Amino acid sequence: MIQPVISGTGVFTPTQTITNAELVEAFNAYADKQNAKNADAIAAGEAEPIGHSSEEFIVSASGIHQRYVMDKSGVLNPDIMHPTLRERSDDEPGIMTEMGVDACKKALAQAGREASEVDLVICAASNHERAYPAIAIEIQQALGAGGFAFDMNVACSSATFGIQAAADMIRSGSVKRALVVNPEICSAHLEWRDRDCHFIFGDVATATLIERKEDAKGDHFEILSTRCLTQFSNNIRNNNGFLRRTRESGSDLPDRRDMQFMQNGRKVFKEVLPIVSKHILDHIDDIDVTPDDLKRLWLHQANKTMNDFIGKKVLGRTPEEGEQPNILQDYANTSSAGSIIAFSKFSDDLAPGDTGVICSFGAGYSVGSVVVRRA
Ligand code: COA
């Protein structure tokens, strides 16, 4: 049987950061302005004032200290409160393509491969810059890769579902070498004016090179098994689809809250934890890997308490330092890319034979796990 392996990963990190202090200052300035504007309605009891955000709350509720973004000036301007990214003409590379290509080049360099040797590019992300032509095909062309390319979206689980798709194609022999790319511009789907979630997301791009074991030139991780699961839930939702204009009258579309990321965070927290823990335990059990065999968990990066809980449930004890690395304190939630950043930055020290699980979870609900072993 053909054995697929991960032979390279790459992370593109934007140059701009927003600290919690900067974020809270901008949000509170926005809240004060809105409250002043609505002072009469608030005094008459017809409108609720917007409460201030706080750094202490953000750190204790999420574990996030800062986030990287593609544009901080718009986000931190109380009169704008969203990234201002220049729209690209049809003749220029898209923003997701630029981010994705950078991550892909790093993954290729780590694997000692040329882009021309790649025959599948999957752009797996929570949001895509346009409907078509596919971002993946633009990345394929920008890199000079061969074969074929397509976009897919499984929200926060896009990367692991993409890895399963690529690994299955390598196993079947339909492709030889695949790049799974996750350019996530989460700052553009986040409602920065909503105190309950304005601290959650950041931007990044990751790429994973998957090829046949017999072709791998250097260090690599064998993909022992992959497993995906979905279960419908409205608790994380974004209604911004292509039918939007057909549902609205006139050209000035109202500023509808449900056209950005929305979640019932408490419910997500409560409902997703048991699904993920059971998913990982069932998956490893089916392939005769025990929790004691797991040297590392590279989990989706949304919330520190959530990850602590999953780590404890899966290992049957509190994870030791380094067993379940978090990057969310620096990157925040970067949707599908989070577990791949953790894998990319915290896997070099594993010894041959060491086994670990990459696991993502999120909207859908969706859960994807990839069990890997250092060769
Ligand atoms: N600053 C200060 N206070 C805030 C605040 C902020 N930025 N945001 C909310 N609060 C307040 C709330 O109004 C609430 O006040 P109340 O008790 O008086 O009503 C209180 O803090 C608790 O808010 P809550 O939203 O219940 O917080 P939480 O402890 O559930 O944490 C999340 C919020 C989102 C961090 C947490 O629910 C979470 O991480 N959930 C899972 C998210 C996830 O994985 N999503 C997947 C996305 S892909």
Side-chain angles (χ1 to χ4, degrees), residues 18-32 34 48-67 75 81 124-127 153-161 182 184-204 230-238 260-277 279 299-311 326-329 331-342 359-368:
I18 298 178
T19 63
N20 285 348
E22 290 174 302
L23 183 72
V24 166
E25 189 188 340
F27 180 88
N28 291 349
Y30 161 78
D32 291 345
Q34 285 301 112
E48 284 289 317
I50 302 173
H52 274 190
S53 183
S54 92
E55 291 178 59
E56 296 72 32
F57 174 85
I58 294 172
V59 172
S60 69
S62 69
I64 296 165
H65 291 261
Q66 63 155 46
R67 66 284 299 139
V75 169
M81 302 291 278
S126 288
N127 296 281
N153 179 356
V154 199
C156 289
S157 295
S158 299
T160 51
F161 277 54
N182 324 106
E184 294 284 12
I185 312 179
C186 299
S187 62
H189 85 162
L190 177 58
E191 178 50 87
W192 296 89
R193 295 171 298 182
D194 182 342
R195 186 178 77 135
D196 289 348
C197 66
H198 76 119
F199 53 89
I200 289 181
F201 287 107
D203 302 336
V204 82
T230 51
Q231 181 183 308
F232 187 75
S233 167
N234 270 326
N235 285 325
I236 312 173
R237 192 169 173 112
N238 182 337
Q260 300 290 97
F261 166 87
M262 294 200 303
Q263 75 166 351
N264 186 334
R266 278 279 160 108
K267 278 199 178 155
V268 174
F269 198 106
K270 223 172 121 205
E271 292 176 5
V272 167
L273 285 179
I275 301 174
V276 175
S277 311
H279 178 90
L299 298 178
H300 175 51
Q301 304 283 318
N303 180 294
K304 183 176 181 306
T305 316
M306 218 163 168
N307 284 5
D308 290 347
F309 182 97
I310 295 168
N326 280 332
I327 51 88
L328 57 80
Q329 63 280 3
Y331 282 85
N333 184 342
T334 50
S335 197
S336 73
S339 57
I340 306 299
I341 305 173
C359 182
S360 63
F361 42 89
Y365 297 132
S366 58
V367 190

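Counting starts at 1 for both ligands and their atoms, in listed order. In this text the structure is predicted, and so the values were computed from the model without any measurement.
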ask   = Ignoring hydrogens and geometry, is there a side-chain-to-backbone donor-acceptor pair from Asn127 to Glu184 under 3.5 Å?
value = no
inquiry  = Between Asn28 and Ser53 (side chain of the first, backbone of the second, donor and acceptor by atom type, cut-off under 3.5 Å), is there such a pair?
reply    = yes
query = For ligand 1, which atoms have a heavy atom of Ser54 less than 4.0 angstrom away?
reply = 1 (N), 2 (C)
message = Which of the numbered atoms in ligand 1 are under 4.0 angstrom from any heavy atom belonging to Asp196?
response = 8 (N), 9 (C)
[X] and ligand 1 - part of the residue with a heavy-atom distance under 4.0 Å:
X: Asn333; result: side chain
X: Ala302; result: side chain
X: Ile236; result: side chain

query = How about Thr160 and Ser360: does a side-chain donor come under 3.5 Å of a side-chain acceptor?
reply = yes
query = Looking only at side chains, do Glu271 and Tyr365 share a donor and an acceptor under 3.5 Å apart?
reply = yes
In terms of residue, atom name and distance, what is the protein heavy atom nearest to [atom]?
atom: atom 41 (C) of ligand 1; value: Gly265 O, 3.5 Å
atom: atom 42 (C) of ligand 1; value: Gln263 OE1, 3.4 Å
atom: atom 39 (O) of ligand 1; value: Asn303 ND2, 2.7 Å

[atom] protein-contacted (non-hydrogen atom, under 4.0 angstrom):
atom: atom 34 (C) of ligand 1; value: yes
atom: atom 16 (P) of ligand 1; value: no
atom: atom 28 (P) of ligand 1; value: yes
atom: atom 37 (O) of ligand 1; value: yes

Out of [options], who gets a non-hydrogen atom closest to [atom]?
atom: atom 11 (C) of ligand 1; options: Lys304, Arg195, Arg266; value: Arg195
atom: atom 21 (O) of ligand 1; options: Phe261, Phe27, Phe57; value: Phe57
atom: atom 48 (S) of ligand 1; options: Ala61, Cys197, Gly362, Cys156; value: Cys156

key: Non-hydrogen atom of Ala363 closer than 4.0 Å to ligand 1   = no
key: salt bridge (charged side-chain N to carboxylate O under 4.0 Å, His left out) involving Arg195 - partner list, sequence neighbours excluded   = none
key: Which residues share a salt bridge (charged side-chain N to carboxylate O under 4.0 Å, His left out) with Glu22, sequence neighbours left out   = Lys72
request  = For residues Thr19 and His65, determine if any side-chain heavy atom of one lies less than 4.5 Å from a side-chain heavy atom of the other.
outcome  = no
inquiry  = I'd like to check Val272 versus Met306 (side-chain heavy atoms, cut-off strictly below 4.5 Å). Are they in contact?
reply    = yes
inquiry  = Below 30° counts as parallel, above 60° as perpendicular, anything between as tilted: where do the rings of Phe261 and His189 land?
reply    = tilted
task = Mind telling me whether Phe27 and His198 have parallel, tilted or perpendicular rings, with 30° and 60° as the class edges?
result = tilted
